[in-house]
Amino acid sequence: GAVVSQHPSWVICKSGTSVKIECRSLDFQATTMFWYRQFPKQSLMLMATSNEGSKATYEQGVEKDKFLINHASLTLSTLTVTSAHPEDSSFYICSARDLLVAGTYNEQFFGPGTRLTVL
Amino acid sequence: GQSLEQPSEVTAVEGAIVQINCTYQTSGFYGLSWYQQHDGGAPTFLSYNALDGLEETGRFSSFLSRSDSYGYLLLQELQMKDSASYFCAVRDREFVNTGFQKLVFGTGTRLLVSP
């Protein structure tokens, strides 16, 4: 089955530093990957849609200069939280869709998430 | 605006049947999905309804009524491992040829299964 990995699984950083999170589709190609943020006991909120070889599409209210997204290949997307602050502490989850089964009921496959804590 | 409303918490005992409702109001609609998420884990896909009616997948079934903007997830023969959060999600934009879609998630329902 389709597997999405994320690295790191958790990270603690000091306020003001930048943190990079990687999302990889391990056994399929994903032209499009998605980045979500989830605060404790809350729902998943889509932050941006990452397209291979082009600029990401950000949801309203998400600062694109703060959350830098790069989709360098069909299997890798990265999210960099720049100048992180305590309010950025959250669970960041990526997901991807296997285009070979696009159009079927096959939904997005989610990575295991990265828990970011900013001190 | 867009909203998907779910009960915040549901409790049940092992072996019971539980129904988790979802009412939605979104700008577009291309199907209703259900996801399960254990604490600290990734959401995992459970079920999808594009058309009205009932979809059955093992112990889980999902129902959709597009005219009522309503769906539910039915869990039968509950097990302790079913204790998790359950999210409905509407696909409100869809471009099949590019793979682009937008999933809008519901507020989530925490299911607690007791012995």
Side-chain angles (χ1 to χ4, degrees), chain A residues 1-6 9-10 23 25 28-54 56-61 71 74 91-115, chain B residues 1-9 22 24 26-27 30-51 53 55-57 62 64 84-112:
Chain A
V3 178
V4 177
S5 71
Q6 279 184 243
S9 55
W10 60 269
C23 175
S25 57
F28 67 99
Q29 294 185 333
T31 303
T32 305
M33 291 183 173
F34 308 88
W35 287 96
Y36 293 85
R37 179 167 54 183
Q38 185 179 33
F39 292 107
K41 298 187 178 181
Q42 294 190 22
S43 188
L44 285 79
M45 300 298 295
L46 180 65
M47 298 175 65
T49 302
S50 167
N51 302 295
E52 187 265 338
S54 64
T57 302
Y58 290 82
E59 293 300 304
Q60 192 173 8
H71 194 148
L74 287 174
F91 194 47
Y92 292 86
I93 308 172
C94 72
S95 74
R97 213 171 160 213
D98 186 345
L99 286 187
L100 290 180
V101 292
T104 71
Y105 71 89
N106 211 351
E107 291 290 331
Q108 298 176 19
F109 297 97
F110 287 81
T114 297
R115 187 161 302 282
Chain B
Q2 304 202 89
S3 70
L4 287 83
E5 297 294 329
Q6 300 177 235
S8 59
E9 188 172 291
C22 173
Y24 60 87
T26 56
S27 56
Y30 295 89
L32 181 71
S33 302
W34 288 91
Y35 288 84
Q36 178 192 63
Q37 185 183 33
H38 287 96
D39 286 345
T44 54
F45 172 76
L46 293 178
S47 188
Y48 172 70
N49 295 70
L51 303 174
E55 292 285 341
E56 298 182 69
T57 310
S62 58
L64 173 65
S85 292
Y86 292 83
F87 295 90
C88 60
V90 165
R91 189 187 301 180
D92 83 333
R93 269 183 280 165
E94 173 82 14
F95 296 96
V96 175
N97 59 337
T98 63
F100 176 76
Q101 62 176 210
K102 179 179 176 180
L103 280 179
V104 180
F105 281 83
T107 51
T109 299
R110 190 169 185 83
L111 172 63
L112 301 173

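Below, chains carry the letters A, B, ... as their sequence lines are ordered, and counting in each starts from 1.
Listed by chain and number, the residues in a side chain to side chain donor-acceptor pair (under 3.5 Å) with Tyr86(B) are Gln36(B) (sequence neighbours excluded). Under the rule for a salt bridge (Lys or Arg N to Asp or Glu O under 4.0 Å), the partners of Arg110(B) that lie at least two apart in sequence or sit in another chain are Asp39(B).
Heavy atoms closer than 4.5 Å to chain A are found nowhere in Ser85(B), neither backbone nor side chain. Only the side chain of Gln37(B) comes within contact range of chain A, judged by heavy atoms closer than 4.5 Å. Proximity to chain B is limited to the side chain of Ile93(A), based on heavy atoms less than 4.5 angstrom apart. Within the 4.5 angstrom heavy-atom criterion, no atom of Gln6(A) approaches chain B.
Contact between Gln42(A) and Phe87(B) at its shortest, heavy atoms only, is O-CZ, 3.9 Å.
With chain B as the partner, the residue from Ser43(A), Pro112(A), Pro40(A) showing the most heavy-atom pairs under 4.5 Å is Ser43(A). Of the listed residues Gly41(B), Pro43(B), Gly31(B), Ala42(B), the one with more heavy-atom pairs under 4.5 angstrom with chain A than any other is Pro43(B).
Note that the CZ atom of Phe34(A) and the CG atom of Leu103(B) stand 7.0 Å from one another [nearest 0.5 Å].
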